Amino acid sequence: MKKELIIEVIVFLFVLLFLYAAGIKLTEYKLFIAQMGVSPLITKYAKILAWMVPSLEIIISILLIIPKFRALGLYAAFALMMVFTFYIIAIFSVSTELPCACGGVLSKLGWKEHLIFNICFDLLGLIAILFNNLLDTGKQQSETKIATA
Amino acid sequence: MVKKSVIVIVCIILFSFLVIAALYALSDVPSSDTKNFKREFGDVSIVKKKVLNLSGNSYYIAGMTNSQVFLGNRKDSLKLVVTDTSLHNLQQVQLILTQDLTEDDRENPKLKNSYIEIDSPYFFIKAGQLPGLYRGELNRWQTKRILPKTPFFEQAVPISQNSFVMRAILTNAESKTHQNVLYKISENDPEPKINITLLEGQIDELFSTDGLLRYSKKLNLLVYTYAYRNQYLVMDTSLNLKHKGNTIDQTAIAEIKPVEIKDRIFSLASPPAIVNKNTQINEDLLFIHSNVKATNESKNIFEKMSVIDVYNLTTQAYKFSFYIPSYENNKMITFRIVGNKVIALYDRCLISYELKFIKNPFL
C-alpha cells in the first residue's frame, strides 16, 4: 500500500513539473527560443527544441496519467530528467552566466540549486520505477500463485 | 524483474550522457574563428613582474596613473583599493559621498551599481542608472555632485574635470525602437548634446553598435571601438567624426542575431561573435584585446593567451601585437597600460607586467 502511495505522489510531482514547464515554454515561445539560442550547446537546434521539448513533456505527462502506460511514462520521465541533468553539468563547464531555459520560477534558481533540484527528481524517478517494478512483480507472483493454487 | 529495470535504467543514463556529450562535442562558440589576416609579433616582449592576490572576484580596475593603480569593488561601490604600480603598498580608501545626499539616496541600489573612474588629480563616481555623476580629488576623497542634468547612461568618459562624453540608449517615442547614441555634457553646456549619426547600425541599431568608449588625453580625442565589427571611430571632443579606423581582422559585418522576445523587448538569439573584446588607450596608442585568431597564430596558444593589437591613433596604422598570458588557467579579464607598464586583472588577482619595446612604437 505504501509503495503505491509513494508512486502516486511521485507521478503527481512529475506531471506537475512537466505540465508547468511545458505551459511556460509554449506561452513564452519567443523567449524560450532566445534563451536556448544563447546556449552554445543547443543554439543550432533552438527552433526544433522549442516545440519538441514541451511536446515531450506533455506526452510523458499523459503516459504517466494513463495507468496502462505508467511504467513506460516513468522510464521516459526519468530519461528526460537525466538528459536535463547532464545538460546542466555540461553548461557548468562552459559558463555559469548563461540563462536557464526551463521557464518560469525554475529560471530563478542558481545553476547549483538547479542541479540539486534535478538530481532530486532523478532520484524520485528512480524510486518510482523500482517501486512500480516491485509492485508488478508482486502482482505477477500473486497471480501465478492464484493460477497454480 | 528488478534486474531488468536496473538494466534499463543504466541504459537510459548512458544514453542521456551520450546525447549531451554529442551536443557538447558538436557545439561551437562563434569566436576564435580564423579570418584571413596575420599578426606581427616580436616587436615587444612581456615580462611578468608581480602577482597581487585579491580577496574575491568582484574587483575592477578604476584607473592607473604613472605611479598608482586603483581598484573598485562591485560589492562595495564606495571602496577604493590603491596600490603603487609595482603592486606594493596596498591601501583601502572609503569614498565620502557629498553631504547633500539623503540617507535614502545613499542606500539607493542604483548608487550601489556605480563605477569609479580615476582621472588624476580627480576621481569620478559614475552612477548611470540613477543617473548621477560625482567628482572628488584624489587623496581628499570627498565627492560633490556635478552635471545634475545628465540623463541615464551606460558608459561615461570624463574628458575634463567638468565635461563628459556618454553612451546611452535613445528610444524613439513612436516606433519604440532603441539605438545607442553618444552625447556630451559639460558645465558650460549642461543640456546633453547628442550626435545621432556617429554610431551606425548594421542589422539593428542597438546590439550591432555595441562597443567601448575611450579617451586619449594626449591627443584630446575620443575613440569608440565596435564590439562586433572591425572598426573604431575617432572623434574630437565636440563629437565630430575625424576618422574611421579598421582593425586588422576581416569582420566587416556584425555576426549577431537580434530578436524580439516580447513586445518591444529585444535580445540576441545566439551567442554573438565578439571581435573586439576590450580596448584601452595610452597616449596615442590604441590597444585592442581581440577575440579573432589570425592565420599565423597557433590555436592552442591563442586559446591560452589574450592577444592585444596595437594601433597608432595619429596614423590609424596597425603597429604590432603581443600576448597577455593566462595565470593558473584563468584568462585576463581586463587591463590598463601606462608607458611600458601593464596591469592585468584576473579572476582573483592583479598582475603587473613590463613591456620591453624592441622597436619604437611611436614610429
Side-chain angles (χ1 to χ4, degrees), chain A residues 27-47 49-50 71-72 74-95 97-99 118 122-123 125-141, chain B residues 1-33 57-58 74 203-204 206-207 210 228 255-274 277 291 303 329-331 333 347:
Chain A
T27 49
E28 305 249 339
Y29 195 67
K30 280 186 190 162
L31 177 61
F32 182 49
I33 293 186
Q35 283 169 330
M36 286 194 298
V38 187
S39 162
L41 250 71
I42 53 181
T43 179
K44 285 194 245 184
Y45 319 104
K47 292 231 170 93
L49 290 174
L72 178 63
L74 285 173
Y75 281 119
F78 178 69
L80 190 61
M81 217 60 218
M82 282 311 304
V83 171
F84 288 155
T85 307
F86 281 124
Y87 174 74
I88 293 176
I89 297 173
I91 286 292
F92 247 146
S93 67
V94 174
S95 153
E97 303 259 316
L98 296 173
N118 271 53
D122 292 328
L123 292 171
L126 216 58
I127 293 171
I129 291 173
L130 292 169
F131 278 9
N132 197 37
N133 197 275
L134 285 171
L135 282 178
D136 274 352
T137 317
K139 277 200 208 122
Q140 284 190 353
Q141 282 176 348
Chain B
M1 278 320 270
V2 174
K3 204 173 177 187
K4 179 175 160 219
S5 46
V6 168
I7 294 174
V8 176
I9 288 171
V10 170
C11 286
I12 288 177
I13 297 179
L14 223 66
F15 170 76
S16 323
F17 175 77
L18 288 173
V19 166
I20 298 296
L23 284 178
Y24 189 79
L26 294 170
S27 72
D28 46 33
V29 186
S31 53
S32 40
D33 254 40
N57 57 358
S58 52
R74 273 181 288 266
I203 303 174
D204 79 331
L206 188 66
F207 294 101
D210 201 358
Y228 307 123
E255 286 167 26
I256 61 170
K257 269 199 231 156
V259 287
E260 188 175 355
I261 54 176
K262 251 182 173 160
D263 190 37
R264 293 293 151 197
I265 298 175
F266 297 86
S267 177
L268 290 178
S270 63
I274 299 174
K277 247 185 172 155
N291 202 36
E303 276 163 14
N329 283 324
N330 287 322
K331 274 188 149 179
I333 294 172
D347 191 43

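Bear in mind the structure is a predicted one, so any value in this text is a computation, not a measurement. Residue numbers start from 1 in every chain, and the chains themselves are labelled A, B, ... in the order their sequence lines are given, proteins ahead of strands. When reading the values below, keep in mind they use all heavy atoms of this one structure, side chains included, and skip hydrogens, waters and symmetry mates.
- Two residues are said to be in side-chain contact when any heavy atoms from C-beta on lie closer than 4.5 Å; B:S5 and A:Y75 meet this criterion.
- Across all non-hydrogen atoms, the minimal contact from A:A79 to B:S16 is O-OG, 3.8 Å.
- Considering CG of A:L126 and CD1 of B:I13, their distance stands at 6.5 Å, rounded to 0.5 Å.
- Here CD1 of A:I89 is found 9.0 Å from CZ of B:F17. Values are rounded to the nearest 0.5 Å.
- The closest side-chain heavy-atom distance from B:L23 to A:Y45 is below 4.5 Å.
- Between B:I12 atom CD1 and A:D122 atom CG the span is 11.0 Å, to the nearest 0.5 Å.
- Put simply, CD1 on B:I9 and CE on A:M82 are 10.5 Å apart, with the number rounded to the nearest 0.5 Å.
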